[in-house]
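Lettering follows sequence order; numbering is per chain, from 1. What you see below is based on every heavy atom in this structure, not just the backbone, and it leaves out hydrogens, waters and symmetry mates.
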Amino acid sequence: MTSYQISINGSIRSVEAEEDTPMLWILRDELKLKGTKFGCGIGQCGACTIHLNGRAIRSCQIPVSAIGNQKVTTIEGLSSGKLHPVQEAWVDENVPQCGYCQSGQIMTAAALLSQNPRPSVNQIDQAMSGNICRCGTYPRIKKAIATAITKGGSR
Amino acid sequence: MSQLTTNRRNFLKISGIAGGGLLVGFNLYGNTLNSSPTLNETEINAYILIHSDGSVTIKAKNPDIGQGVNTSLPMIVAEELDIPWEQVKVEQAVLDRRFGAQFTGGSTGVKTNFDNLRKAGAAVREVLVKAAAQMWSIDPSDCRTENGKVISSKGQVHYGQLAEAASQLEPSETPALKDPDTYNIIGTSRQDVDLEKMVTGQPLYGLDQEVEGMVYATVLKPEVFGSKLSGFDAAAAHELEGIIDVFKIPAMDSPVDRVDGVAIVADKLWTCFKAKKLIKADWEKPKDYINSNNKLKSDFQKGLKAPGEVLRHDGDVDSEFAKNENQIEATYDVPFVSHSQMEPMNFIADVRGDKAILTGPTQTPGSAARYASGITGIPIENIEVHFTRIGGGFGRRLSNDYANEAVFISHKLKRPVKLVWDRENDFLQDYYRPSGCYHLKAAMDDKRVTAMDIKICTTSRYLYRGATPAHGTEAFPDQQPAGMVPNFRIAYTPLLTNIPVGALRTPGVNATTFAYQCFLDELAEKAGMDPIDFQLEMIGQEEREMPYNDHGGPTYNTRRLRGVIDLVRDKSNWGRTNTAQGFAAQMVFGTYVACIVDAVQVKGKVKIDKVNIAVDCGRVINPIGADAQVQGGVTDAISAALYESLELRNGSPVAQNFDKYEKLRMKDSPDVDVHFVKSQEAPQGLGEPSYPILFPALVNAVYKATGKRVRELPLKKHNLV
């Protein structure tokens, strides 16, 4: 077991864990931040997506020992107070059904738009295709991203 | 706390709440209460609470798996109660038999609760009116309600102010219901009550729950389905820091209840997952296990050669074939398909000697409680079930095998346990959609089908769980085109294998629809007719009630079926596009669907350009939710049709995660336009009907695009995607 100080959603949090523990389980089980979800454990479904220095990564694939000084943002820290434009768009378009994949979808979309505020349809498809939605909300996710873009979807 | 006024056999119980509110409890089993009846705010069957400030809490009584019942069912109550939807707060109910059935399956949520929820809302509105009338010394008929207020010539008073007085009154068993033309809530688009919570990552799911003092567990299961555990070596696993125990979980009598495995318990879930990889287990494979897909195919062929059990025979099929040489036949194959629900299986069991508290995602909380009682010996009245929002069900969470595992572990260790499966275990322990083989033969008299002979062999889920009859929904005798062909026969042979099977979204029908509606397309071609005209001919111009002996029946109406066909034909510009279009239509479980898929061929591969689907489900409660259900069913089916099957190597699944078990991604997901028929008929279900119809519509479009008749799913097998 090793002690780590990690920047999570703007605050430094202390954890004690085995160094190979994926950030997914640090967030969920040690820090009780349940918004980041477990879907496959092998980086194939995107449910565990977080931001590392603003870039979307799969938290099941990065061990706590690899974080260092990088800033971690989870769905809980995507916005403070009011909703992030991407979350607002998700509400406007009534995107979720079961909702389980949606934290990951939103985090991927938010990272995309912060790097590329006006992506093409192709770029959106490519960026989002790492996130599986089993309920079939893809048509509404596409609409929500389009809505977020027109409203200026990054912050 | 406040006393009830009398003991009464009433489907609702009303009581006051401290602070001056009104609480309504369901009592659908007609139980009389004991001698000192009290209901308080924490009464677990409290269904509706009207607070003294006028706000209203309605409980969500069925598990929500994404089908939207947390929103649609309270909408029905709120409508009859005549309160503004904005004043409603929805809270999750727990399991209580007084609520009546609390399960999710068969597309039944709205359909079966529509009447009793309207009655509940209306009965409460009536006692509020009575209370106001008494206060004003006027007749209740001189009062009306609007927006949570009772209004009369004497003034207006909001429900919160009346709640305490109303709580002393007796609700009617037969309240007057609203005229549907005056609905303000039912039929209007309402945001899901959990929408903001879902987009902000709130801990809504079973996997997100924790209980004090809990430890974690996971399970190791065999690579070959149905193997028995003969022994294991956990020495290396025990070396890990935080490991608590490793032991055998024994199978229960039926494989649908629990199978043999090894439980790994630790203080952290990550430790459980690591430890699992270090365990060496020995398994005894079942006799005659299916080692390859080819073996399965040859078993199906044998099954189809058997006469089978004749489930329906209209006219005389054999005579007709003897005298009519104009025949056509085809064989269709469907694979095992995984449920792949995004939230992995998990459950928390806290077994404490004389009581147990269960927490987690289950479509059948009542059944989870019954099983837990059987496993632990604890009387069922002492078992609490807190069921959560579910990250996808699709029929997988009708089985409580994972809950039974958690209960077993907690009971053995005498401490609370949170069980979580890894994704790989989900593929080793799914109850797959049964695989099957469908042989169809028809005789044609120019453009008319004069005989149809259908032989079906599937790995029936009824046979697997030892239920009868073995055919169940695998070969439903009233499914179209039954009743539309003068000589018609269905015969069924079940195949028992070691591969676990269960209910997956429209069980049985999700496979037969593919075979039947693809075959009709082939018949239309043989008749030289447009496929839609061909089906309309078969259905007939005259309005008829076709027998349908299943839920959604007892009949279906051909005018409504023609209605969705005409609607989708119109909306899809049938015959006038530069895409290849495929069509299919039927009624299932009370809902009529007609689907047209537009496909194009790009570099030898098929791409779906768009899907149009027309739906008649009777009255729509929440248009946003209804639209989502239909889009979701179609999109789910596209994934299965394009990619999904269980491939076996030496009896084990080749795909044990999403790297090899391909799911539809956003880049391949087309637009799905949903067109509802506006209807005042009783509401029917939407969870399932849009799923089966996509398969033949897509495959028929693929034929138009490529000239290839696909008779075995998925399309990936034929290099078409």
Side-chain angles (χ1 to χ4, degrees), chain A residues 1 17-18 20-22 24-26 28-30 32-45 47 74-76 78-79 83-84 86-88 90-91 94-103 105-106 122 124-126 128-142, chain B residues 64-68 189 191-192 194-205 207-208 210 216 241 268-271 273-274 340-344 389-394 420 422-424 624 628-629 631-636 638-639 657-659 663-672:
Chain A
M1 294 267 269
E18 294 294 333
D20 66 356
T21 309
L24 171 64
W25 302 115
I26 298 293
R28 290 185 58 84
D29 293 347
E30 305 304 321
K32 312 301 181 189
L33 294 168
K34 304 292 186 182
T36 307
K37 305 300 186 195
F38 169 52
C40 71
I42 62 168
Q44 286 289 316
C45 77
T74 70
I75 185 82
E76 292 90 345
L78 187 61
S79 61
L83 296 178
H84 185 281
V86 168
Q87 286 168 317
E88 263 176 26
W90 249 242
V91 167
N94 292 284
V95 172
Q97 278 202 256
C98 86
Y100 191 77
C101 75
Q102 300 295 340
S103 298
Q105 305 276 4
I106 289 166
N122 219 30
I124 295 171
D125 276 350
Q126 291 308 317
M128 297 300 296
S129 285
N131 288 78
I132 297 177
C133 172
R134 172 68 181 85
C135 293
T137 67
Y138 297 130
R140 291 193 301 289
I141 294 177
K142 290 187 200 190
Chain B
D64 196 313
I65 54 174
Q67 86 285 38
S189 282
Q191 202 166 276
D192 192 294
D194 288 334
L195 179 55
E196 286 215 12
K197 293 190 188 141
M198 288 191 274
V199 304
T200 54
Q202 299 298 305
L204 303 172
Y205 304 92
L207 201 71
D208 301 332
E210 295 194 358
Y216 292 91
E241 188 182 327
K268 292 185 197 295
L269 184 59
W270 177 239
T271 308
F273 286 165
K274 284 198 294 187
S340 308
Q341 66 298 326
M342 282 317 294
E343 180 189 8
R389 172 169 272 273
I390 303 179
F394 310 103
V420 181
D422 56 26
R423 177 59 63 183
E424 287 78 9
I624 289 176
Q629 280 284 69
Q631 275 190 337
V634 167
T635 306
D636 183 1
I638 291 172
S639 183
N657 208 317
F658 296 125
D659 52 346
K663 301 289 297 179
L664 184 72
R665 305 283 177 158
M666 195 162 110
K667 62 183 171 58
D668 298 308
S669 174
D671 285 341
V672 179

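Scanning both residues, B/I65 and A/C98, for their nearest heavy atoms gives O-CB, 3.3 Å. Nearest heavy atom pair, residue B/M666 against residue A/I124, reads CE-CG2, 3.7 Å. Annotation for A/P139 and B/S669: closest pair CD-OG, 4.1 Å, computed over non-hydrogen atoms. Heavy-atom minimum distance, B/Q191 versus A/V91: OE1-CG1, 3.8 Å. For the pair A/Q97 and B/Q629, the tightest heavy-atom approach, listed with the atom from each and the gap, is NE2-OE1, 3.1 Å. For the pair A/F38 and B/D422, the tightest heavy-atom approach, listed with the atom from each and the gap, is CZ-CA, 4.1 Å.
The contact between B/Q202 and chain A is made entirely by backbone atoms, counting heavy-atom distances below 4.5 Å. Looking at B/I638, there are no atoms closer than 4.5 Å to chain A (heavy atoms on both sides), in backbone or side chain. Both the backbone and the side chain of A/I132 come within less than 4.5 Å of a heavy atom in chain B. Heavy atoms of B/T200 lying under 4.5 Å from chain A belong to its backbone as well as its side chain. Heavy atoms of A/T137 lying under 4.5 Å from chain B are absent altogether. In this structure, chain B has no heavy atom under 4.5 Å from any part of A/N122. Contact of B/K197 with chain A is not made at all, since no heavy-atom distance falls under 4.5 Å. Both the backbone and the side chain of B/D659 come within contact range of chain A, each with at least one heavy atom under 4.5 Å from a heavy atom of that chain. Both the backbone and the side chain of B/L207 come within contact range of chain A, each with at least one heavy atom under 4.5 Å from a heavy atom of that chain. Only the side chain of B/E210 comes within less than 4.5 Å of a heavy atom in chain A; its backbone stays farther off. Looking at B/V420, only its side chain comes within 4.5 Å of chain A, counting heavy atoms on both sides.
In summary, of the residues considered (B/D668, B/T635, B/V672), a side-chain contact (heavy atoms from CB on, under 4.5 Å) with A/Y138 occurs for B/T635 alone.
Checking side-chain atoms of B/K274 against main-chain N and O of A/D20 turns up no donor-acceptor pair under 3.5 Å. Using modelled atom types, no side-chain atom of B/Y205 and backbone atom of A/K34 make a donor-acceptor pair closer than 3.5 Å.
Aromatic ring pairs are classed by plane angle as parallel below 30°, tilted from 30° to 60° and perpendicular above 60°; the pair B/F273 and A/W25 is perpendicular.
Using a 4.0 Å cut-off between a side-chain N of Lys or Arg and a carboxylate O of Asp or Glu, A/E18 and B/K268 do not qualify as a salt bridge. A/K37 has a carboxylate O that lies under 4.0 Å from a charged side-chain N of B/D208, or vice versa, which qualifies the two as a salt bridge.
Most heavy-atom pairs under 4.5 Å with chain B: of the set A/Q102, A/R28, A/M1, this distinction falls to A/R28. When each of B/E424, B/M342, B/E196 is checked for heavy-atom pairs under 4.5 Å with chain A, B/M342 comes out on top. Note: A/R140 leads A/E76, A/M128, A/R140 in heavy-atom pairs under 4.5 Å with chain B.
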